[in-house]
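Notes for the one structure printed next.
Just so it is clear, the values below take in all heavy atoms, side chains as well, and ignore hydrogens, waters and symmetry mates. Throughout, numbering of the chain's residues begins at 1 and tracks the sequence. This is a predicted model, so every value here is computed, not measured.
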Amino acid sequence: MFRSVIFRLRVVHQHLSLLPRLRLTRTMSSSNQPTAGIIIIGDEILKGHVQDTNSHFLCGQLFQMGIRVEKIAVIGDDLEKVSSEIANFSSKYTHVVTSGGIGPTHDDITYKGVALAFKEELALNDELVTLCKRFFGAEHSLQSPQMKMAFIPESAKLHYGFDPESGEKNMYPVITVRNVVVFPGIPKLLQKDFNLLRKTLFRESNITFHYREIFLACDEISVAEILNEFNSKYKDCIQLGCYPDLLNSYFKVKISLECQDGAKLAEAHKELLSMLPSEKVVEYEKDPVKNASSKVYNLLQSTTQPELITPLSKAVKTLEEALDKYKLDEICVGFNGGKDCTILVHLFFAVVQKKYGDNIPGNLQALYIEGKPTFKQQEMFITETFSRYNLKPVIIHGRIKDGLKEMQSSHPHVKAVIMGTRRSDPFSEHLEAFCMTDPDWPPFMRVNPILEWTYQEVWALLRALQVPYCLLYDQGYTSLGSRTNTAPNPALRFVDKYGNARYKPAYQLTDGTRERTGRTKSISEIVEK
């Protein structure tokens, strides 16, 4: 553990040592380009009780509109600090956007802070009085907390959004004072108000930000000199960024290029690609789920990876047959965060996407059997996968047999379970692509699309399709059991140049027969099989 910490500190030190040399330009500006400053208000943000997602959303939306965010400030519920920051931002930026501090309680001070910033008083707004009475009840006095949101800065303007489909007016308006837009702090409300009022509240720029990205399978240290050379040539017109990602399974560094001249950007992008080591450039798929169907079926026609066509074709054919035999709500796909069921979920989603297009009838169902103590990384990945593929989890507890009995009772419409079983798994010699459970088990059709796949084929297809997988596999784990019987595979162990024992990622294991070398069987596992 100590050596691992030392190794990480060395990596961080190397990255920090680059900072004086990697001065990538970030000062491109135009006098005609609108700017913005964002102020996030709330003690709960500064204390870490609530995670700020509003600034991330606002930055992305404003960037798309050609509005450059110059600064983000996060401040607590302090009236003097709020008013001072608003006044400061208002004098510097085209637009000022605040989030939070609107409501009936003592710490909701944004309206008062805006008024103080422009030396105004809070004034009672008759329109807001009507709204507050409609929402909270007419019996409340003007001095009650329920009426607090009816007091706004004297020069404030009210802006209502209208639903584009129904034409219905938004219940509560967004207020603006001069160049300050005051949004609620609740992310769902802020996003709704912004989307309805973006063209009303913001001066959309005629400037377009053209943007390119390059992904590299190497660390930033190895390309630092190349980036410095490129930056010295293009610093006056290209904004260059370099961002390491220590957790991504497919790349280590993302390079971004931004320019207001599309032709100039294309020229610079081409030149930078020619300077970088071509074998380290990754064609990274940012959204493998959205394009799952096209990627899978295109791979079936691949001439560059013909060795993958046979296993992929058999799996796809089995899944297509399952969808012909059963309705979608009669199928459940088994998932526990392991590599086999990860590629299986992706392929199933791709085949469903191919059959139904954008009109998938409901959510795909995923069977997750809890029982064995799992790794935190595995639990996190399972949750992320449910969200990524919009899966409806069917969570049952205990042993597999008991769990299936529970599912039979709670989900009687389910008739088939798609499994990530392979022939090399214990007790799988007799299985076929479609086979019923044993007579003394609850009756389900077991569908085994990847039954004949090898260990190497699993990894080749995971990585060819750039499917996200559990991070433990990049740390030397090759087969995930329970937390108590699973360790990194000793076949992947190596000693780095600093003398630290480390492990290669699972996809670099060449001998598939050693897949479970990091596993120790428990009696309960053997009996359950």
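Using a 4.5 Å cut-off on side-chain heavy atoms (C-beta onward), L299 and L461 make contact. Counting only heavy atoms from C-beta outward, the side chains of L272 and L257 approach each other to under 4.5 Å. Side-chain atoms of N248 and F215, non-hydrogen and from C-beta on, never get closer than 4.5 Å to each other. Two residues are said to be in side-chain contact when any heavy atoms from C-beta on lie closer than 4.5 Å; V74 and L46 meet this criterion. For the pair S424 and T454, the minimum side-chain heavy-atom distance is 4.5 Å or more. Considering only heavy atoms from C-beta on, Y297 comes within 4.5 Å of V316 through its side chain. Side-chain contact between D193 and P184 is present, with heavy atoms from C-beta onward closer than 4.5 Å.
Between the side chain of R463 and the main chain of S249, a donor-acceptor pair closer than 3.5 Å is present. The closest donor-acceptor contact from the side chain of Q475 to the backbone of Y503 lies at 3.5 Å or more, if one exists at all. The main-chain N or O of N363 is never found under 3.5 Å from a side-chain atom of N390 such that the two would form a donor-acceptor pair. With hydrogens and angles disregarded, a donor-acceptor distance shorter than 3.5 Å links the side chain of S222 to the backbone of D219. The backbone N or O of S293 sits less than 3.5 Å from a side-chain atom of Q353, completing a donor-acceptor pair. Remark: the backbone N or O of T105 is paired with a side-chain donor or acceptor of D108 at under 3.5 angstrom. Side-chain N or O atoms of R68 include none that pairs as donor or acceptor with a backbone N or O of F63 at under 3.5 Å. Of the possible polar contacts, one joining the Q365 side chain to the I331 backbone as a donor-acceptor pair under 3.5 Å is found.
Looking at R422 and E457, no side-chain N of the basic residue comes within less than 4.0 Å of a carboxylate O on the acidic one, giving no salt bridge. Residues D425 and R516 are paired through a salt bridge, judged by an N-O separation under 4.0 Å between the basic side chain and the carboxylate. Salt bridge present: E285 and K295 bring a charged side-chain N and a carboxylate O closer than 4.0 Å.
With rounding to the nearest 0.5 angstrom, the OH atom of Y284 is 9.5 Å from the CG atom of D287. Separating the CD atom in E258 from the CD1 atom in I238 is a distance of 9.0 Å, to the nearest 0.5 Å. To the nearest 0.5 Å, atoms CZ (F494) and CG (N500) are separated by 9.5 Å. If you take CD1 on I72 and CD1 on I38, they are separated by 4.5 Å, rounding to the nearest 0.5 Å.
For CG of D358, the number of neighbouring non-hydrogen atoms (other residues, nucleotides, ligands) closer than 6.0 Å is 12 at most. Counted within 6.0 Å of CE on M436, heavy atoms from surrounding residues, nucleotides or ligands total more than 12; the atom is thus considered enclosed. Counted within 6.0 Å of CD on E432, heavy atoms from surrounding residues, nucleotides or ligands total 12 or fewer; the atom is thus considered open. Counted within 6.0 Å of CD1 on I186, heavy atoms from surrounding residues, nucleotides or ligands total 12 or fewer; the atom is thus considered open.
Seen from the ring of Y473, K339 does not count as a face-on cation partner, given the 6.0 Å and 45° thresholds. For the pair K325 and F434, the distance from NZ or CZ to the six-membered ring centre is under 6.0 Å and the angle to the ring normal is within 45 degrees.
A side-chain contact (heavy atoms from CB on, under 4.5 Å) with T517 is found for exactly one of L509, L492, N489, namely N489.
No side-chain donor-acceptor contact under 3.5 Å links E515 and S479. Checking E370 against H397 by side-chain atom types alone, a donor-acceptor pair falls below 3.5 Å. At a cut-off of 3.5 Å, with distance as the only test, no side-chain donor of Y455 or D511 sits close to an acceptor on the other residue. Counted by atom type alone, N485 and S482 present one or more donor-acceptor pairs between their side chains at under 3.5 Å.
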Apply ring-ring contact (aromatic ring centres under 6.0 Å, His included) to Y389 and F348, showing your working.
CA-CA 10 Å; Y389 294 92; F348 182 49; over 10 Å; no
